[in-house]
Amino acid sequence: MKRLIFATNNKHKLQEVRAALDGAVEVLSLAEVGLSGDIPETADTLQGNAQQKADWVWERISGMQIDGVFADDTGLEVEALGGAPGVYSARYAGEHCSFDDNIDKLLGALNGKHNRRADFRTVICLMEGSLGSRQPKVSFFEGRVDGEILTERHSNGEGFGYDPVFMPDRFAVSFAEMPLEVKNRISHRGLAVAKLSEYLKR
Ligand code: IMP
């Protein structure tokens, strides 16, 4: 079985990706390989940030029996806000803000607006090759889900981030009201991970 490091400190993402890749790939967290610290994400595209995160890990791993490193970056793109918060979704309400702060700012920005269309987009960057080599093979996988921003939070405790206010098309509940396996089947990250999984099975 392939062993890959997932370059994230987000335990929700780790849980989602492990469930989605179940059985196909062994996914190691940063903590499991002894890496800690904030990974920089200063690019102005999802692709750039995903690559920056994967790169950060790639440069810090040596002598491990690992087949590769991958990282994801996700943005919530709201039509009426010209695609914001997009690549700045994590820090929409400011540095070190909470998920709740971001949701409050989003609901405020959409207050009174008729158009509540939005999408989540995830880009995964995979780096493979002998670790430490200067030029890993770099591949990208993208997933997207369209939906609406709700006017208030709907949650039964599932999910994270903007999940309580995002309702995907063809569903009558928010991401935060769905069991993980349902979210994984239709979500931006789930779709990107499914492409990664297909690629890894080749
Ligand atoms: P990141 O840079 O990929 O960690 O994602 C940026 C921000 O998007 C996160 O801090 C979350 O607020 C939000 N986000 C990412 N993935 C999801 C998701 O699956 N549901 C809801 N919000 C998400």
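Both ligands and their constituent atoms are indexed starting at 1 by order of listing.
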**Report entry** Criterion side chain to side chain contact (heavy atoms under 4.5 Å, CB included) on M178 and F171, from CA distance to verdict
**Finding:** CA-CA 10 Å; M178 287 180 181; F171 283 80; 3.5 Å; yes
Query raised in the report: Think K195 forms a cation-pi with F141, using NZ or CZ under 6.0 Å from the six-ring centre and within 45 degrees of its axis?
Result: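 No cation-pi geometry.
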Report task. Assess R60 against W56: is NZ or CZ under 6.0 Å from the centre of the six-membered ring, and within 45 degrees of the ring's axis? Result ->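 R60 over W56 ring: yes.
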Give one line per pair: atom of ligand 1, protein atom, distance. Only N/O to N/O under 3.5 Å.
| from | atom 1 | to | atom 2 | distance (Å) |
| --- | --- | --- | --- | --- |
| ligand 1 | 2 (O) | E41 | OE1 | 3.2 |
| ligand 1 | 2 (O) | D73 | OD1 | 2.8 |
| ligand 1 | 3 (O) | K13 | NZ | 2.7 |
| ligand 1 | 3 (O) | D73 | OD1 | 3.4 |
| ligand 1 | 3 (O) | T74 | N | 2.9 |
| ligand 1 | 4 (O) | K13 | NZ | 2.8 |
| ligand 1 | 5 (O) | T74 | O | 3.4 |
| ligand 1 | 16 (N) | R189 | NH2 | 2.5 |
| ligand 1 | 19 (O) | K183 | NZ | 2.8 |
| ligand 1 | 19 (O) | H188 | NE2 | 2.9 |
| ligand 1 | 19 (O) | R189 | NH1 | 3.2 |
| ligand 1 | 20 (N) | D163 | OD1 | 2.6 |
| ligand 1 | 22 (N) | Y162 | N | 3.1 |

With a cut-off of 3.5 Å and sequence neighbours excluded, list every side-chain donor-acceptor pair involving residues 89-97.
| from | atom 1 | to | atom 2 | distance (Å) |
| --- | --- | --- | --- | --- |
| S89 | OG | L76 | N | 2.9 |
| S89 | OG | G86 | O | 2.6 |

Requested in this report: Answer yes or no: is there an ion pair linking E158 with K183, defined by an N-O contact shorter than 4.0 Å?
Outcome: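 No salt bridge links E158 with K183.
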Report task. Report yes if the distance between the aromatic ring centroids of F99 and Y162 is under 6.0 Å, otherwise no. Result ->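 Distance test on ring centres: not under 6.0 Å, no.
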